[in-house]
Amino acid sequence: MTKLTEVISTSKEQPNVLQHKLSANPVSAFKAFMMNILNGVSVGAVVSLVPAALLGNVMLALLPIFPMAKTIIDISNLSMILLAPVSALVSSRLFKLTAIQSATLALVALVGAKNWQIDNGIFMIKGTGDILNIIITLCLGVCFIQLVGSRLKAYNILLLPTLTLVIVGSISMVLYPIVAQITTALGELISRVTLVQPVLMGILMAVIFGIMIISPISTVAVALTISLEGIASGTANLGITACGFTLALLGLKANGVGGSLVHFLGSPKVQMANVVGHPKIVIPVILNAAILGGLGAIFEIQGTPLSAGFGFSGLVGPLAAYNAGDQSMQSALVIILLFFVLPTALAIIARLLFINKQQLISDDDLKLRID
């Protein structure tokens, strides 16, 4: 009981940081606010998606001889479902929220993800949820929590979770259909691109998904929504791969080997906040994605809706391309060339050109501030 009292008193003592910063400098305060949200979602996406991406295909291959693989697959899939609350907890740490406030934000983020539904009184949950709606929910949740501040006093632990869930959660639920329509409209636009001449389509698809993977939009959700498959999926896959390798090597000096590996073994979405702060980072991504997308169309690299969303992560893209082909040695060599050799070479060239020679981008522009 003593510790519970300490937690409540801690929440009462926290100053209203949001109001203080807004009164000082609204523009910089808003930018810092959004960077915290985007950083939170970026880290949440990596932490939640990396286990399934790294272990999924490996465990499926080992399943016939390693029964425990099924349990590992289930555990890693569970982590994907928790993307929203994990992102909320990371964001709350960046905002220096108290324990009660952090837990409250995690609850309402899960509501906003809308990866759940009720069927005959039974809750069912699947997938990561709508990332764009998660971001909106986190923005509303943090604002509400900060504005309420310490006004609830000793009733904080009783009223803050309740009021936040009812008010912010309800707004999030009302907004979700609109946000879902935006995602669907984007998917339909991408679908039309597939009707264009194959090479041009490959270039555009790779560029679109290369940019989308470092935006709030979920590439997996879009790919699944429009059932992206065939060459359109393969080239989208290559666009994400190009983005991951390019940002990894551009930020190698700033982030070290471990931080760089996250970009293509995990997700380049970890750079989402830096892209907002330094949009010029997207230039080499677009160029490299276009090159790989065009080559992917020429070599008829194919894939599935799931691979189009993950790219190189967990070898989902390369394996999907290999399984869709004739599985010959020549096909394997082409896949290695397009998914590893060329992305690495193009990323090295991008670093030499944009950082070393032109100095258009600095190492600090890509530094991950997530610790």
Side-chain angles (χ1 to χ4, degrees), residues 1-24 29-51 75 78-116 123 125 128-129 131 133-173 270 272-273 368-371:
M1 187 67 184
T2 304
K3 289 188 175 181
L4 180 59
T5 306
E6 290 176 358
V7 171
I8 296 174
S9 62
T10 302
S11 68
K12 290 193 296 181
E13 292 169 2
Q14 191 200 19
N16 195 322
V17 179
L18 180 62
Q19 286 183 344
H20 174 71
K21 287 186 175 180
L22 281 174
S23 61
F30 177 75
K31 183 177 179 180
F33 178 88
M34 289 308 303
M35 292 292 273
N36 281 346
I37 296 291
L38 293 177
N39 269 320
V41 175
S42 297
V43 178
V46 171
V47 171
S48 303
L49 300 180
V50 163
I75 293 172
L78 177 62
S79 71
M80 296 175 61
I81 293 173
L82 298 176
L83 184 148
V86 171
S87 298
L89 291 174
V90 178
S91 297
S92 66
R93 184 178 185 275
L94 296 174
F95 282 105
K96 296 181 172 56
L97 301 184
T98 66
I100 295 172
Q101 293 171 335
S102 300
T104 299
L105 189 63
L107 287 176
V108 78
L110 184 58
V111 174
K114 202 56 180 73
N115 57 345
W116 52 271
F123 274 92
I125 188 166
T128 60
I131 293 183
N133 208 51
I134 291 172
I135 290 175
I136 294 172
T137 304
L138 289 176
C139 290
L140 295 173
V142 171
C143 286
F144 182 80
I145 289 170
Q146 291 276 26
L147 290 173
V148 169
S150 59
R151 291 183 175 86
L152 299 176
K153 303 186 184 299
Y155 298 100
N156 193 50
I157 194 170
L158 297 175
L159 295 180
L160 183 65
T162 305
L163 291 175
T164 306
L165 277 174
V166 171
I167 297 174
V168 178
S170 297
I171 295 173
S172 176
M173 292 289 289
V270 71
M272 188 163 55
L368 299 176
R369 296 170 176 85
I370 57 179
D371 293 329

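Numbering starts at 1 and runs along the sequence shown. Predicted model, so just to flag it, every value in this text is computed and none were measured. Values reported hereafter were calculated over all heavy atoms of this structure, with side chains retained and with hydrogens, waters and symmetry mates removed.
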Partner residues of [X] under the side-chain hydrogen bond (donor to acceptor under 3.5 Å, both in side chains) criterion, sequence neighbours left out:
X	answer
Ser102	Ser92
Thr137	Ser172
Ser48	none

Checklist entry - Hey, are the side chains of Pro161 and Thr104 touching, using non-hydrogen atoms and a 4.5 Å cut-off? => result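 Contact flag for Pro161/Thr104 side chains = yes.
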Next on the checklist: Quick check: do Leu163 and Val148 have side-chain heavy atoms less than 4.5 Å from each other?
Outcome noted: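 In short, these two side chains do not touch, never coming nearer than 4.5 Å.
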Quick check: closest heavy atoms across [X] and [Y], and the distance to 0.1 Å?
X	Y	value
Phe95	Gln146	O-NE2, 4.1 Å
Leu152	Leu160	CD1-N, 3.7 Å
Ser87	Val41	OG-CA, 3.6 Å
Cys139	Met34	SG-SD, 3.9 Å

Item to check | Val86: which of Leu82, Leu83, Leu89 passes side chain to side chain contact (heavy atoms under 4.5 Å, CB included) | outcome: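 Result: among Leu82, Leu83, Leu89, Leu82 is the only option passing the side chain to side chain contact (heavy atoms under 4.5 Å, CB included) with Val86.
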Item to check | Result of checking Ile135, Ile171, Ile167 against Leu140 for side chain to side chain contact (heavy atoms under 4.5 Å, CB included) | outcome: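 The side chain to side chain contact (heavy atoms under 4.5 Å, CB included) with Leu140 is passed solely by Ile171 among Ile135, Ile171, Ile167.
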Applying side chain to side chain contact (heavy atoms under 4.5 Å, CB included), can you list everything that pairs with [X], at least two apart in sequence or on another chain?
X	answer
Pro51	Ser76, Ser79
Ala88	Leu105, Ala106, Ala109, Leu138
Leu107	Leu165

Checklist entry - In Å, rounded to the nearest 0.5 Å, how long is the span from CD1 of Ile131 to CE of Met272? => result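 Atom-to-atom, Ile131:CD1 and Met272:CE are 7.0 Å apart.
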Checklist entry - Sub-3.5 Å donor-acceptor pair from the side chain of Lys31 to the main-chain atoms of Phe33, do we have one? => result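 Not confirmed, Lys31 side chain does not pair with Phe33 backbone.
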